[in-house]
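Along the sequence shown, the residues carry numbers beginning at 1.
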Amino acid sequence: MSGFDLDEETLFIVSHTFKALGEESRIRILSLLLDGERSVSSIAETLDMKQSNVSHQLKFLKNLRLVKSRRDSQSVYYSHDDTHVIKILREMIEHARHN
């Protein structure tokens with residue numbers, strides 16, 4: 001497949017996925033979710049971020065279908081939702097650690 005074969009929807013998705021992975025707090029959140037499902041408060045506490053900032057970033061990631069959520073009583077739990085992007089993230093982390 002050549003780059004000229006990309007339709008507008010594909011270009012949009014690829015561009016926004018790279019945008020999601022181009023922001024440090026979103027990378028931190030996604031890498032934390034590599035270990036499993038977490039609540040918003042747990043993510044905020046672990047990453048020393050404000051809950052409102054975590055929620056904002058999770059909304060962005062969820063809109064791209066990179067994370068999914070489930071409600072349990074009053075808490076919302078998030079986990080990753082795209083194994084392809086998680087694979088890319090793992091490979092980029094590994095690449096960064098070997099340089």
To the nearest 0.5 angstrom, please state how far the [atom1] atom of [X] sits from the [atom2] atom of [Y].
X: Ile29; Y: Thr46; atom1: CD1; atom2: OG1; result: 11.0 Å
X: Leu32; Y: Ile27; atom1: CG; atom2: CD1; result: 13.5 Å
X: Ser25; Y: Ile43; atom1: OG; atom2: CD1; result: 11.5 Å
X: Lys59; Y: His56; atom1: NZ; atom2: NE2; result: 8.5 Å
X: Lys62; Y: Ser55; atom1: NZ; atom2: OG; result: 11.0 Å
X: Ile88; Y: Leu21; atom1: CD1; atom2: CG; result: 7.0 Å

All N/O donor-acceptor pairs, side-chain side in residues 9-16, below 3.5 Å, sequence neighbours left out:
residue	atom	partner	partner atom	Å
Thr10	OG1	Asp7	OD1	3.2
Thr10	OG1	Asp7	OD2	3.0
His16	ND1	Phe12	O	3.0

Q. CD of Glu45: more than 12 outside heavy atoms within 6.0 angstrom?
A. no
Q. Which side-chain hydrogen bond (donor to acceptor under 3.5 Å, both in side chains) pairs, counting each pair once, include a residue from residues 71-88, with sequence neighbours left out?
A. none
Q: Without swapping roles, check the side chain of Ser31 against the backbone of Arg28 for a donor-acceptor pair under 3.5 Å.
A: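 Yes.
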Q: May I ask you to decide if Ala20's main-chain N or O and Arg26's side chain share a donor-acceptor pair within less than 3.5 Å?
A: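 Flag set: sc Arg26 to bb Ala20 pair under 3.5 Å.
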Q) Would you say Val76 and Leu30 are hydrophobically clustered, going by side-chain heavy atoms of ILVMFWY under 4.5 Å? A)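 Yes, because Val76 and Leu30 connect within a single hydrophobic cluster, where side-chain heavy atoms sit under 4.5 Å apart.
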Q) If you group Ile, Leu, Val, Met, Phe, Trp and Tyr by side-chain heavy-atom gaps below 4.5 Å, do Leu66 and Ile93 land in one group? A) yes
Q.
Restricting to salt bridge (charged side-chain N to carboxylate O under 4.0 Å, His left out), what partner residues turn up for Glu37, sequence neighbours left out?
A.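 With neighbours one apart ignored, the set is Arg70.
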**Q.** Nearest heavy-atom neighbours spanning Gln51 and Ala44
**A.** CG-CB, 3.8 Å
(Q) For Val54 and Leu47: C-alpha separation, side-chain torsions, deciding distance, then whether side chain to side chain contact (heavy atoms under 4.5 Å, CB included) applies. (A) CA-CA 9 Å; Val54 170; Leu47 298 180; 5.7 Å; no
